[in-house]
Colleague: 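One structure coming up, written as structure tokens, with questions to follow.
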Amino acid sequence: MEGPPMMRVRFAPSPTGYLHIGSARTFIFNWLFARKHHGTMILRIDDTDVDRNTDASLQSIYDGLNWLGLGWDEHYRQSERLDLHKRLAYAIFEKDLAYRDFTPAHASPDDPVEAGADTPKQSWQFNPGMRELSREESDRRAAAGEPFVLRYRVPRGVGRTIRFADGVYGPQAKEADDIEDFALLRSSGLPTYHMASCADDADLGITNIIRGQDHLSNTFKHVLIFEALGSGPAPEFAHLPLLIAPDGAKLSKRKHGPVVSVTTYRDAGFLPHAYINFLCLLGWSPKNDREQMTRQELIDAFTLSGVNRSNAVITFTDADPIDPKALWLNSQTLRTVTTAELAPLVRQTLAAAGLAAQEPPERLEQTIEILRSRFATLLDFAGRGRCCFADDYPVAPEAEEKLNVPQARELLRELGARLEADPDFTEASVEKQLRGLATERGVKAGVLINGSRAALTGQTAGPSAFAVYIAVGRERAIQRLKKV
RNA sequence: GGCGCUAUCGUCUAACGGUUAGGACGGAGCCCUCUCAAGGCUUAAAUACGGGUUCGAUUCCCGUUAGCGCUACCA
């Protein structure tokens with residue numbers, strides 16, 4: 001088979017928290033890249049940290065991904081591939097590119113108890129005495145059951161420079177002397193992230209690694225591992241700028257709460273595509289001022305060279321967790337997607353509020369058509385739109401005022417009677433009846449127009465008063481006018 | 001501390017040495033109008049700082065500052 005090799009990319013979340021915004025964007029960029037190049041999108045669950053993995057976060061990752069609705073082509077779990085990781089780690093050991101380190105584990109430097117505030121951290125390279133251990137000595141201690149971690153033997157004192165070309169950040173270089181002897185296998189025998197990740201990337205034939213910039217410095221280690229594996233050329237790397245909070249810090253559940261979860265946007269009534277569109281505009285630009293784009297347009301426009309190098313702030317506050325631009329994009333999308341696409345989502349939203357279970361599809365679509373031009377989220381259909389699907393809706397004080405205008409109630413009741421006798425009940429016919437009545441009685445049409453909206457919806461703001469009649473429906477409209 | 005990365009309006013971004021530094025969100029104002037949105041128009045708002053290189057720097061180089069990341073038997 002000739003031609004360029006099939007592109008294979010992966011999204012590799014670890015189930016140690018819910019799917020957060022930055023991860024979602026990484027997934028999307030990988031997906032876009034795969035689709036653009038007719039490649040394969042792989043979902044790989046990086047669950048090698050048995051202490052921190054939870055089923056709940058695994059579930060929330062699937063929930064978030066399923067909501068986005070982009071899908072994937074292949075699926076793996078690292079916990080099912082541990083034999084491969086170990087085998088490849090020992091292959092590196094056999095090449096003498098790794099060694100056993102019998103030094104007992106020490107606490108994490110993040111541990112506030114251990115990390116003395118006044119003792120600046122030294123750059124650590126390796127534990128004394130372990131690199132030089134003879135193979136015989138090493139084997140003997142291992143056979144005796146002494147615990148050890150397997151560490152990569154980073155080349156030292158030979159002036160070696162590790163290099164790779166990043167698809168976003170350009171040529172990267174780092175002195176091997178600045179890289180510590182990182183672990184491949186823990187004393188439990190389980191692989192570390194670095195080992196498992198590279199082993200799988202090599203085994204799964206990943207051609208392009210697109211991930212967060214927090215891995216940029218790790219990549220030098222990965223280059224070393226791929227080199228030691230000796231299984232062909234390393235994948236190409238591309239790192240994405242991070243999404244950060246308004247305070248400039250990396251998004252974290254602990255510090256910023258649930259606003260960093262994609263489910264916040266789902267639950268706020270976002271359309272999946274609008275959210276995808278929003279995320280795409282963070283750290284990437286099509287360079288032509290386009291913002292609202294369809295899925296296909298995003299695929300066509302996506303390039304690594306369009307990716308930025310500086311972190312992007314996502315706006316949220318305690319009072320309002322939603323980025324204003326995301327909200328704008330959602331309202332735009334709400335107005336432009338086809339009704340056929342929108343209807344199922346609206347029906348779902350209404351169902352969740354116990355509404356419109358019996359609503360015929362044609363009527364639902366007609367109502368959506370009228371309402372959507374001034375809504376921002378799906379939730380609005382069950383909120384401000386409730387009066388179109390139920391009779392128990394709140395009536396605003398300002399709406400009462402509109403009805404308290406002299407003659408308003410009496411005229412509305414009369415209008416109700418006339419509409420009842422009108423077989424048409426279209427926007428045009430309602431307008432004709434309403435204006436006719438107003439002229440007849442010598443009042444301004446506005447009294448009936450604003451009164452209608454108030455009587456029919458309990459609100460003073462909303463669609464054209466005539467359209468409101470259609471949205472509310474003949475039966476409900478006449479009933480509401482009668483008892484006004 | 002060491003190493004790496006980054007730096008354009010409040011925010012997201014455009015300008016691959018020459019522009020009145022452009023667009024979008026949000027803000028302000030006007031128009032439209034049966035209300036509210038939408039839409040149209042207008043407006044305020046940015047090249048972190050200091051040195052170079054160059055006829056000319058947002059753009060290239062160096063330094064400073066700031067931010068972020070890595071520096072775990074986390075990922």
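Just so it is clear: chains get the letters A, B, ... in the order the sequence lines come, proteins before strands, and each one is counted from 1.
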Colleague: Quote, to the nearest angstrom, the C1' distance that separates B:rU19 from B:rG27.
Modeller: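 Here B:rU19 and B:rG27 have their C1' atoms 26 Å from each other.
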
Colleague: So, OP1 or OP2 of B:rC5: does either fall under 4.0 Å of a side-chain N or O from A:Gln172?
Modeller: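 It does, given that an N or O in the side chain of A:Gln172 lies less than 4.0 Å from OP1 or OP2 of B:rC5.
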
Colleague: Which nucleotide sits closest to the side chain of A:Ser310: B:rC25, B:rA7, B:rC5?
Modeller: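 Ranking B:rC25, B:rA7, B:rC5 by closest atom to the A:Ser310 side chain puts B:rA7 first.
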
Colleague: Which whole number of Å gives the distance between the C1' atom of B:rA14 and that of B:rU71?
Modeller: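 So the two C1' atoms sit 36 Å from each other.
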
Colleague: Return the nucleotide paired to B:rU53: Watson-Crick means purine N1 to pyrimidine N3 with N6-O4 or O6-N4, wobble means G-U with N1-O2 and O6-N3, both under 3.5 Å.
Modeller: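 When the pairing criteria are applied, nothing turns out to pair with B:rU53, so the answer is none.
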
Colleague: Please state how far atom CG in A:Leu190 lies from atom P in B:rA75, giving the value in whole angstrom units.
Modeller: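 Whole-Å distance recorded here is 9 Å.
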
Colleague: Got a donor-acceptor pair under 3.5 Å from the side chain of A:Asp289 to the base of B:rG22?
Modeller: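 Yes.
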
Colleague: Please compare A:Asp247 and A:Val149 by the position of their nearest nucleotide in RNA chain B and report the one closer to 5'.
Modeller: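 The 5'-side residue here is A:Asp247.
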
Colleague: Counting the benzene-type ring for Trp, do A:Phe93 and A:Tyr99 have ring centres under 6.0 Å apart?
Modeller: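 Aromatic pair excluded; centres sit 6.0 Å or further apart.
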
Colleague: For B:rA15, give its Watson-Crick or G-U wobble partner with both distances under 3.5 Å, or none.
Modeller: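 Base-paired to nothing in any strand shown.
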
Colleague: Quick one: label A:Asn218 by what it contacts on the DNA or RNA (base, sugar-phosphate, nothing), any heavy atom closer than 4.0 Å.
Modeller: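 Answer is base: heavy atoms of A:Asn218 come under 4.0 Å of a base.
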
Colleague: Can you find an N or O donor on one side and an acceptor on the other, under 3.5 Å apart, linking the side chain of A:Ser464 with the base of B:rC34?
Modeller: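 It does, because a donor-acceptor pair links the side chain of A:Ser464 to the base of B:rC34 below 3.5 Å.
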
Colleague: Sort out the partner of B:rC5 for me: Watson-Crick or G-U wobble, both distances under 3.5 Å, none otherwise.
Modeller: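 Paired with B:rC5, as far as the under-3.5 Å criterion goes, is B:rG67.
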
Colleague: Of the options B:rU35, B:rC74, B:rC12, whose atoms approach the side-chain atoms of A:Ala461 most closely?
Modeller: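 Side chain of A:Ala461 sits closest to B:rU35.
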
Colleague: Tell me whether the OP1 or OP2 atom of B:rG4 has a side-chain N or O from A:Lys174 closer than 4.0 Å.
Modeller: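 No, A:Lys174 has no side-chain N/O under 4.0 Å of OP1/OP2 on B:rG4.
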
Colleague: Select from A:Pro104 and A:Ile244 the residue whose nearest nucleotide in RNA chain B is closer to the 5' end of that strand.
Modeller: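 The 5'-side residue here is A:Ile244.
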
Colleague: Ignoring backbone atoms, test whether A:Arg186 places a side-chain nitrogen or oxygen under 4.0 Å from the OP1 or OP2 oxygen of B:rA75.
Modeller: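 Answer is yes, contact under 4.0 Å.
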
Colleague: Output yes when at least one side-chain N/O atom of A:Ser217 is less than 4.0 Å from OP1 or OP2 of B:rC5, else no.
Modeller: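 It does not, given that no N or O in the side chain of A:Ser217 lies less than 4.0 Å from OP1 or OP2 of B:rC5.
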
Colleague: What is the pairing partner of B:rG39, taking Watson-Crick or G-U wobble pairs with both distances under 3.5 Å in any strand?
Modeller: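 Its partner is B:rC31 (Watson-Crick or G-U wobble, both distances under 3.5 Å).
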
Colleague: So A:Ile225 and A:Leu184, do their side chains get closer than 4.5 Å, heavy atoms only?
Modeller: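 Side chain of A:Leu184 against side chain of A:Ile225, heavy atoms only: contact under 4.5 Å found.
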
Colleague: Can you tell me the pairing partner of B:rC25 across any strand shown, Watson-Crick or G-U wobble, with both distances under 3.5 angstrom?
Modeller: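 Pairing partner: B:rG10.
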
Colleague: From CD1 of A:Ile45 over to P of B:rA75, roughly how many Å is that when rounded to an integer?
Modeller: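 Interatomic distance, CD1 of A:Ile45 to P of B:rA75: 14 Å.
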
Colleague: When you measure only distances, ignoring hydrogens and angles, does the side chain of A:Lys325 come within 3.5 Å of the base of B:rC12 through a donor and an acceptor?
Modeller: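 Between B:rC12 and A:Lys325, which were checked side chain against base, a qualifying N/O pair under 3.5 Å is present.
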
Colleague: Using only side-chain N and O atoms of A:Gln332, determine if any of them is under 4.0 Å from OP1 or OP2 of B:rG39.
Modeller: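 Yes, because at least one side-chain N or O of A:Gln332 sits under 4.0 Å from OP1 or OP2 of B:rG39.
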
Colleague: Distance to the ring centre below 6.0 angstrom and angle to the axis at most 45 degrees; does that hold for A:Arg25 and A:Phe27?
Modeller: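 Judged by the rule (NZ or CZ under 6.0 Å from the ring centre, within 45° of its axis), A:Arg25 is not positioned above A:Phe27.
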
Colleague: Can you identify which nucleotide, out of B:rC34, B:rC12, B:rG69, has its nearest atom closest to the A:Val313 side chain?
Modeller: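 Within the option list, the nearest is B:rC12.
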
Colleague: Looking at A:Lys221 and A:Glu180, does any basic side-chain N land under 4.0 Å from a carboxylate oxygen?
Modeller: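 Looking at A:Glu180 together with A:Lys221, the answer is yes, because their closest N to O distance falls below 4.0 Å.
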
Colleague: Per the atom types in the model, does the base of B:rA14 pair as donor or acceptor with the side chain of A:Asn288 at under 3.5 Å?
Modeller: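 Under the 3.5 Å cut-off, the side chain and the base do not form any donor-acceptor pair.
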
Colleague: Measure CG/A:Leu327 against C1'/B:rG26 and give the value in whole Å, please.
Modeller: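 The distance from CG of A:Leu327 to C1' of B:rG26 comes to 11 Å, rounded to the nearest Å.
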
Colleague: On the nucleotide B:rC70, are OP1 or OP2 found under 4.0 Å from the side-chain N or O atoms that A:Lys250 carries?
Modeller: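 For A:Lys250, the contact criterion (side-chain N or O under 4.0 Å from OP1 or OP2 of B:rC70) is met.
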
Colleague: Output yes when at least one side-chain N/O atom of A:Asn308 is less than 4.0 Å from OP1 or OP2 of B:rA14, else no.
Modeller: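 Indeed, a polar side-chain atom of A:Asn308 lies that close.
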
Colleague: For atom C1', what is the distance between B:rA66 and B:rA15, given to the nearest Å?
Modeller: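 Taking atom C1' in both B:rA66 and B:rA15, they lie 25 Å apart.
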
Colleague: Kindly check if the number of other-residue, nucleotide or ligand heavy atoms within 6.0 Å of CG (A:Asp318) is above 12?
Modeller: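 At most 12 heavy atoms, drawn from other residues, nucleotides or ligands, come within 6.0 Å of this atom.
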
Colleague: Can you tell me which nucleotide in B:rC73, B:rC12, B:rA75 comes closest to the side chain of A:Leu281?
Modeller: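 Nearest to the side chain of A:Leu281 among the choices is B:rC12.
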
Colleague: Could you check how far CD of A:Gln292 sits from P of B:rC12, rounded to whole Å?
Modeller: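 The distance from CD of A:Gln292 to P of B:rC12 comes to 21 Å, rounded to the nearest Å.
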
Colleague: Checking contacts here: which listed nucleotide (B:rA24, B:rA75, B:rA38) is nearest the side-chain heavy atoms of A:Asp46?
Modeller: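 My answer, after comparing the listed nucleotides, is B:rA75.
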
Colleague: Quick check on B:rA7: is either OP1 or OP2 less than 4.0 Å from any side-chain nitrogen or oxygen of A:Arg309?
Modeller: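 So the side chain of A:Arg309 is outside the cut-off, no N or O lying under 4.0 Å from OP1 or OP2 of B:rA7.
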
Colleague: What contact category does A:Gly283 fall into here, base, sugar-phosphate, or nothing, at under 4.0 angstrom with non-hydrogen atoms?
Modeller: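 Touches sugar-phosphate only.
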
Colleague: For the base of B:rC73, is there a side-chain donor-acceptor partner from A:Ser187 under 3.5 Å away?
Modeller: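 Indeed, a donor on one side and an acceptor on the other fall under 3.5 Å apart.
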
Colleague: Counting side-chain heavy atoms from C-beta on, which of B:rC34, B:rC36, B:rC12 comes nearest to A:Arg374?
Modeller: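 The answer is B:rC36.
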
Colleague: Let me know which of A:Arg87, A:Arg81, A:Arg44 forms a salt bridge (Lys or Arg N to Asp or Glu O under 4.0 Å) with A:Asp203.
Modeller: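 Considering A:Arg87, A:Arg81, A:Arg44, a salt bridge (Lys or Arg N to Asp or Glu O under 4.0 Å) with A:Asp203 is found only for A:Arg81.
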
Colleague: For A:Asp200 and A:Ser197, indicate whether the former's side chain and the latter's backbone hold a donor-acceptor pair under 3.5 Å.
Modeller: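 No, A:Asp200 side chain to A:Ser197 backbone: no donor-acceptor pair under 3.5 Å.
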
Colleague: Which nucleotide in the set B:rA37, B:rA15, B:rA75 lies at the smallest distance from any side-chain heavy atom of A:Ser14?
Modeller: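 The listed nucleotide nearest to A:Ser14's side chain is B:rA75.
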
Colleague: Can a side chain N or O of A:Arg211 be found less than 4.0 Å away from OP1 or OP2 on B:rA75?
Modeller: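 Answer no for this pair, as no side-chain N or O of A:Arg211 is under 4.0 Å from OP1 or OP2.
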
Colleague: Ignoring hydrogens and angles, are the base of B:rC73 and the side chain of A:Arg151 linked by a donor-acceptor pair under 3.5 Å?
Modeller: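 Side chain to base: no pair present.
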
Colleague: Rounding to a whole Å, what distance do you find between A:Glu427:CD and B:rC34:C1'?
Modeller: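 Computing the A:Glu427:CD to B:rC34:C1' distance gives 13 Å.
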
Colleague: Classify the nucleic acid contact of A:Gly248 as base, sugar-phosphate or nothing, counting any heavy atom under 4.0 Å across all strands shown.
Modeller: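 Contact class for A:Gly248: sugar-phosphate only.
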
Colleague: Could you check, using the six-membered ring where one of them is a Trp, whether A:His239 and A:His215 have ring centers closer than 6.0 angstrom?
Modeller: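 Between A:His215 and A:His239, which both carry aromatic rings, the centre distance is not below 6.0 Å.
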
Colleague: Let's see if you can work this out: which of B:rG2, B:rA37, B:rC73 has an atom nearest to the side-chain heavy atoms of A:Arg335?
Modeller: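 Selected nucleotide: B:rA37.
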
Colleague: Could you check whether A:Trp284 and A:Phe302 have their ring centres less than 6.0 Å apart?
Modeller: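 Close enough - the centres of the two rings lie under 6.0 Å apart.
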
Colleague: Which of the following nucleotides, B:rC34, B:rU13, B:rA75, is nearest to the side chain of A:Arg453?
Modeller: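 Shortest atom-to-atom distance from the side chain points to B:rC34.
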
Colleague: Among the nucleotides B:rU11, B:rA14, B:rC34, which one has an atom lying closest to any side-chain atom of A:Asn450?
Modeller: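 Looking only at side-chain atoms, A:Asn450 lies closest to B:rC34.
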
Colleague: Expressed as a whole number of Å, how far does the P atom of B:rA24 sit from that of B:rA38?
Modeller: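 After rounding to an integer number of Å, I get 14 Å for this pair.
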
